Structure formats: C-alpha cells, structure tokens
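Note that the structure is a prediction, hence the values are computed from the model and not measured.
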Amino acid sequence: MKIPSLLSSALIGAVASARSMTPMATIAAARLAHRRTSGELLLLDRPVVKAGALAMGLGELAGDKMKTAPDRTVFLGLLARVMSAGIAGAALAPKGRERAGAAVAVATAVPLAYLTLAARKQAMARIGQTRSGLIEDALIVAAGAAIVALSTRPQQA
C-alpha cells in the first residue's frame with residue numbers, strides 16, 4: 001500500500017504534534033533498515049545524525065513522563081515540532097515537492113499540538129501523567145512507524 005502524494009507529510013506532521021522527535025527518529029530507523037524516502041534528505045544519511053535522532057526520540061519518550069516536562073506548546077516545543085515536522089515532511093514528500101511536504105507537515109503539526117495537548121491533559125486528569133504518556137507514546141510511535149513504513153521503499157543495491 002502506498003500513501004498518496006503529500007498525505008504522508010500531513011500524517012507525519014500529526015505525529016510531530018504529540019512527539020516532536022518521533023518523526024526524525026522513525027525516519028532515522030528507516031534509514032538504518034536501508035529504506036529510502038522519496039524526498040531528498042541527505043542530513044539523515046550521516047551516521048551521527050541518525051544516532052542523534054534516535055537518541056533524542058528515546059529521550060523525549062522518557063522525559064515526557066517527568067512532572068517538570070513543559071507543555072508541548074511552549075516556544076521551544078513548537079520550534080522542535082516545526083523543525084522535525086518540516087524535515088520529515090520534506091523527506092516523505094514526492095521528489096521535487098519537498099518544500100510543499102515540509103509546509104504541509106508544519107501546518108499540520110503546530111495547530112494539532114494544541115489539540116493533542118488538550119487531549120493529554122484530559123487523559124492525565126483521568127489516569128495520571130505516566131499512564132497517559134505511555135499510552136500516547138504507544139499510539140504515536142506506532143503511527144509514526146506505520147506512516148514511514150508505508151511511505152518508504154527498500155534501498156536499491
């Protein structure tokens with residue numbers, strides 16, 4: 001199954017709305033699995049950048065459960081979402097449409113960050129910060145992995 005045109009970019013933007021580093025981490029994991037994106041993304045072909053993206057993705061998953069974790073809509077949280085969604089959205093866009101893919105991903109990530117924050121706060125009130133975070137992690141990581149798996153192809157030898 002192939003996801004059409006810029007839909008992959010919009011979907012990865014939705015992932016970035018809840019977990020800013022997951023889009024980059026899932027694309028880095030795909031690169032490590034020798035999968036290619038349709039859009040050009042030379043940045044994640046560097047081993048140190050791939051490792052860094054994976055480490056930041058894991059770190060975010062752990063840090064999100066801390067009582068001192070800031071809301072995803074603070075300036076730095078939104079900036080991280082813009083950067084990660086933009087890079088991932090460009091990578092998943094059709095070749096030659098990377099800028100449009102980045103724009104679509106960012107336009108999806110930023111407003112949805114406010115909606116996913118509201119949903120998370122409701123869940124936290126019901127089941128607590130850790131449990132709501134673990135559930136959100138599972139949903140977002142699974143969504144990111146599925147989007148990237150459906151939007152990439154095996155690397156040619």
Side-chain angles (χ1 to χ4, degrees), residues 3 8-93 98-99 101-117 119-121 123-124 127-155:
I3 299 178
S8 296
S9 298
L11 292 173
I12 207 68
V15 167
S17 75
R19 292 290 177 275
S20 61
M21 295 297 116
T22 298
M24 295 288 290
T26 54
I27 291 178
R31 291 285 215 229
L32 288 171
H34 304 289
R35 296 190 61 82
R36 304 300 303 165
T37 57
S38 51
E40 293 294 323
L41 187 64
L42 301 176
L43 182 66
L44 277 176
D45 286 333
R46 291 181 167 69
V48 70
V49 176
K50 280 188 252 190
L54 290 169
M56 289 190 325
L58 291 172
E60 181 182 37
L61 295 178
D64 179 64
K65 300 346 155 268
M66 297 172 64
K67 299 282 185 209
T68 58
D71 285 348
R72 60 192 71 177
T73 56
V74 299
F75 175 75
L76 290 178
L78 288 175
L79 181 61
R81 279 162 179 71
V82 166
M83 293 182 345
S84 180
I87 292 168
L92 298 181
E98 292 88 354
R99 286 185 182 180
V104 165
V106 170
T108 303
V110 172
L112 277 182
Y114 291 90
L115 293 175
T116 58
L117 176 60
R120 174 69 186 279
K121 284 183 175 182
M124 284 171 48
I127 62 173
Q129 184 170 3
T130 301
R131 286 210 305 194
S132 65
L134 291 172
I135 292 167
E136 189 178 41
D137 287 348
L139 292 171
I140 294 303
V141 170
I147 292 160
V148 171
L150 292 171
S151 303
T152 58
R153 61 193 181 288
Q155 184 174 337

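For the pair M24 and S84, the tightest heavy-atom approach, listed with the atom from each and the gap, is CG-OG, 3.2 Å. Minimum heavy-atom separation, A105 to G89: CB-CA, 3.7 Å. Nearest approach of A113 to L78, heavy atoms of both residues: CB-CD2, 4.0 Å. Considering all non-hydrogen atoms of both residues, V148 and A30 come closest at CG1-CB, 3.6 Å. Looking at every heavy atom in both residues, A102 comes nearest to G86 through CB-O, 3.3 Å. The two residues A85 and A16 come nearest to each other via the heavy atoms CB-CB, 3.8 Å.
Taking the side chain to side chain donor-acceptor pair (under 3.5 Å) definition, one finds that S20 meets it with E60, sequence neighbours left out. R131 is linked by a salt bridge (Lys or Arg N to Asp or Glu O under 4.0 Å) to nothing, counting only residues two or more places apart in sequence or in another chain. In this view, R36 and R31, D45, R153, Q155 satisfy the side chain to side chain contact (heavy atoms under 4.5 Å, CB included) rule, not counting sequence neighbours. For the side chain to side chain contact (heavy atoms under 4.5 Å, CB included) test, residues two or more places apart in sequence or in another chain that qualify with A10 are V104, T108.
To the nearest 0.5 Å, atom CG of residue L92 and atom OG of residue S8 are 5.5 Å apart. We find the CD1-CD1 distance between I27 and I12 to be 5.5 Å, quoted to the nearest 0.5 Å. Between the OH atom of Y114 and the CG atom of D71 there is a distance of 10.0 Å, given to the nearest 0.5 Å. Distance CZ/R81 to CG/L76: 11.0 Å, rounded to 0.5 Å. In this structure, CD in E98 is found 9.5 Å from OG in S9, a value given to the nearest 0.5 Å.
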When the side chains of residues 46-54 are checked against the rest of the protein, which donor-acceptor pairs come out under 3.5 Å, sequence neighbours left out?
none

Show the atom names and distances, to 0.1 Å, of all donor-acceptor pairs under 3.5 Å that link a side chain in residues 134-144 to residues at least two apart or in another chain.
residue: E136; atom: OE1; partner: R19; partner atom: NH1; Å: 2.9
residue: E136; atom: OE1; partner: R19; partner atom: NH2; Å: 2.9
residue: E136; atom: OE1; partner: R72; partner atom: NH2; Å: 3.1
residue: E136; atom: OE1; partner: R120; partner atom: NH1; Å: 3.0
residue: E136; atom: OE2; partner: R72; partner atom: NH1; Å: 3.0
residue: E136; atom: OE2; partner: R72; partner atom: NH2; Å: 3.3
residue: D137; atom: OD1; partner: R19; partner atom: NE; Å: 2.7
residue: D137; atom: OD1; partner: R19; partner atom: NH2; Å: 2.7
residue: D137; atom: OD1; partner: K65; partner atom: NZ; Å: 3.4
residue: D137; atom: OD2; partner: K65; partner atom: NZ; Å: 2.4

| Given the rule in the side chain to side chain contact (heavy atoms under 4.5 Å, CB included) test, do I147 and V15 qualify, once you have shown the distances and angles that lead to the verdict? | CA-CA 9 Å; I147 292 160; V15 167; 3.7 Å; yes
